[in-house]
Amino acid sequence: MRHIISILIENESGALSRVAGLFSARGYNIESLTVAPTQDPTLSRMTLVTSGSDEIIEQITKQLNKLIDVVKLIDISESAHIERELMMVKVRAVDGLREEAKRLADIFRGNVIDVTPNTYVIEITGDREKLDAFLTAVGDENIIEVVRSGTTGILRGDKGLSH
Amino acid sequence: MELSGAEILVQCLKDEGVEYLFGYPGGSVLHIYDALFKQEDVKHILVRHEQGATHAADGYARATGKPGVVLVTSGPGATNAVTGIATAYMDSIPLVVITGQVPLPVIGSDAFQEADIVGITRPCVKHNFLVKDVTKLAETLKKAFYIATTGRPGPVVVDVPKNITDPNIKIPFEYPKAISMRSYNPSVKGHRGQIKKAVELLLSAKRPMIYSGGGVILGEASTQLTELTRLLGYPITNTLMGLGAYPATDKQFVGMLGMHGTYEANMAMHECDALFAVGARFDDRITGKIAEFCPHAKIIHIDVDPASISKTVRVDIPVVGEVRPVLEEMLELVRQSPTKPDTKALSSWWEQIARWRSLDCLAYDRSGKRIKPQYVVEQLWEITRGEAYITSDVGQHQMWAAQFYKFDKPRRWINSGGLGTMGFGLPAAIGVKLAFPDADVACITGEASIQMCIQELATALQYRTPIKIVNLNNRYMGMVRQWQEFSYESRYSHSYLETITDFVKLAESYGHVGMRIEKHEDVRPALEEAFRLRDRTVFLDFITDPTENVYPMIEAGKAHHEMRLAPGVNPDTELA
Ligand SMILES: Cc1cc2nc3c(=O)[nH]c(=O)nc-3n(C[C@H](O)[C@H](O)[C@H](O)COP(=O)(O)OP(=O)(O)OC[C@H]3O[C@@H](n4cnc5c(N)ncnc54)[C@H](O)[C@@H]3O)c2cc1C
Ligand SMILES: Cc1ncc(C[n+]2csc(CCOP(=O)(O)OP(=O)(O)O)c2C)c(N)n1
Ligand SMILES: [Mg+2]
């Protein structure tokens, strides 16, 4: 099963490599890992997407909690949550494709954020499935480059990770 | 008070009450060495190799329960220490290892003797720090000691760039009295509800078994464990790391369990209906085949580290907490409980155990002329009245030490279980002897292992730490040879040590006493003589039977009830 783990971690040099190192040393899967500072400059927030059996996920959360720099973590996929990923796709935009790409971007609520005579860069946000669906709709042969941010997520409702 | 970084570092060690600092100098730590020179409170022990420093500090820590402290230089000094750090990590031993580093401004430039030791040690430390600001040095050291010694203990590395210890930059100093960290709060007390459930399960068992490990020693809970075990009247086994937490000469003790555990301990594991795991981590050397591990049992597990719980074996009643307070609560609950252990069920369980015991699985051939290694350990036990501190290396000799030296007290058995580091025994013995100068300290070793840190014989002379080295010399990497005999049709690939070292001369050249013992009847007199030489380190080179194997043995992929027993020991001869 796929799990999304949100982590508050001390904003110390090396904190990221402790998390990444844990996953490689123990052979856990890692689908994506995002990290950025929070409003509190001493803390960073990570979102980590992984998969494994219940036993493995249990070990992953325990091992992460054991890292001295980890302040708090929660497996947000166990509760109601929202997940988002940002993607930028450079597509071929010549002849009929120019219209088609724009139309697809609109359907997926994407924006064209860069234009050249031959290409568009389309920006889309959504969950993983939505982004995958967009790529399928555009078709591999029309895609020049894809950049994805990796998943981030947040709990629905009143609760936050920090309190 | 205004101090330089180097002075702050030394002052912090004093404020932590550090008695001994095990170290080896080099460029990046010279400011610190200069500060050490000007004081006498922290005694520096100059080893002969940085691996020796870590093992000596580790031995000191295992014997005393206090953290072991190490100081090494950057680059090769730090990398030499890595094996010792990993050894401590695997056995959850508190160490604070201070490594010198190149000055901050040149970090990352492949400077002379630069190594990314924070990166290198990350997977084998509880935590590590790079000090980037001298004003943070004292706080960082305080955190290092706090982290190393609390919760599940472990080694902490503090990497100190040379410019941080600059004698010309002085700043106000105050050592923090206490520290609190928002990201680190190890649990102490167990969950009351879980503890109650654990007690209920224990009291309703028909075939109970207590399995305790290194956590009981680390958590200073052997008194509570012993009390609870006696109160219940249940059989108890210890892991290799847990030996001494329950007196081995007591009748409720069924010996060590696992790969080289006793027949009765492993059979009782297989047949029990309730397993009480205390401060033990279900290591693969004790579980054997996981799918057939304790097939009939409900399992209770006390551990301070949640990650140890249900890691390899799923347990039914987990209790996260320190062993001592949890066992204290359990004792109270057992005393108050109207339910008492089922004496009828218990007596037939003990009868079954007696039948397994009657097999005498550790029996060995006492008729021959060759010195049997088991006999040497038995004699050592008798001569030291079971009171000595015994360190060991890795191999067959280590297993015989564990099986035949009956440890009645915690912290007397000092060996590398998790990493299995050859070379551990001699430096560890030096650390122990420094901590307990009046106690008997012996290192049971093999002719291969002892040479991995043999240079520390010089340290033993310099600091007058008289230890007795009991070398069970079988001319083989015996443990490797045994596996090759059993699993590779006796193809002894590179396990015979073709050149035989003259250990007597070697010991003498280091300034110690050397003895070679070749006859069975000379074993006891030689040991007696060695211990009479109270103020000398004695190297006893026992020429033992090269063909002897360690039994019982659970081979890879086998379950507890599928032990390989010594030739001549037959399960059918169990008392009917
Ligand atoms: C050649 C060789 C052969 C071996 N054969 C065997 C064998 O036959 N049998 C055997 O048992 N081992 C054997 N070992 C050792 C084995 O590899 C493991 O090191 C050992 O089994 C682990 O012991 P343990 O479970 O007690 O755990 P330890 O490594 O001692 O871990 C202690 C556990 O207690 C917890 N803990 C620590 N402090 C506390 C506290 N205060 N409160 C609560 N919990 C705490 C920790 O979190 C950890 O889970 C062998 C090793 C070698 C090198
Ligand atoms: C540093 C290190 N290298 C290799 C091993 C693998 N190993 C385990 S036991 C052993 C042989 C030990 O031989 P010896 O010290 O003579 O002990 P014996 O088994 O003969 O008693 C070896 C090579 C190890 N445990 N540690
Ligand atoms: Mg040998």
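All chains are named by letter (A, B, ...) in the order of the sequence lines, taking the proteins before the strands, and each is independently numbered beginning at 1.
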Any donor-acceptor pair under 3.5 Å from Lys62(A) side chain to Ile309(B) backbone: yes
Best-contacting candidate, Leu8(A), Val71(A), Leu22(A), against chain B by heavy atom pairs under 4.5 angstrom: Val71(A)
Which of Arg26(A), Glu12(A), Gln63(A), Glu58(A) touches chain B most, by non-hydrogen pairs under 4.5 Å: Glu58(A)
Top contributor to chain B interface from Ser17(A), Ser13(A), Ala25(A) [non-hydrogen pairs under 4.5 Å]: Ser17(A)
Residue that, paired with Ser44(A), satisfies side-chain contact (heavy atoms from CB on, under 4.5 Å) out of Asp69(A), Val35(A), Thr38(A): Val35(A)
Asn142(A) (side chain) donor-acceptor with Val91(A) (main chain) under 3.5 angstrom: no
Asp91(B) side chain to Gly418(B) backbone, donor-acceptor under 3.5 Å: yes
Part of Asp305(B) within contact of chain A (heavy atom distance under 4.5 Å): side chain
Region of Arg122(B) in contact with chain A, defined by heavy-atom distances below 4.5 Å: side chain
Gap separating the CE atom of Met87(A) from the CD1 atom of Ile122(A), nearest 0.5 angstrom: 8.5 Å
Worked verdict on Met181(B) versus Ile68(A) for side-chain contact (heavy atoms from CB on, under 4.5 Å): CA-CA 9 Å; Met181(B) 294 171 70; Ile68(A) 305 288; 3.7 Å; yes
Portion of Thr42(A) that has a non-hydrogen atom of chain B nearer than 4.5 angstrom: both
Per-residue contact mode, Lys126(B) against chain A (heavy atom under 4.5 angstrom): both
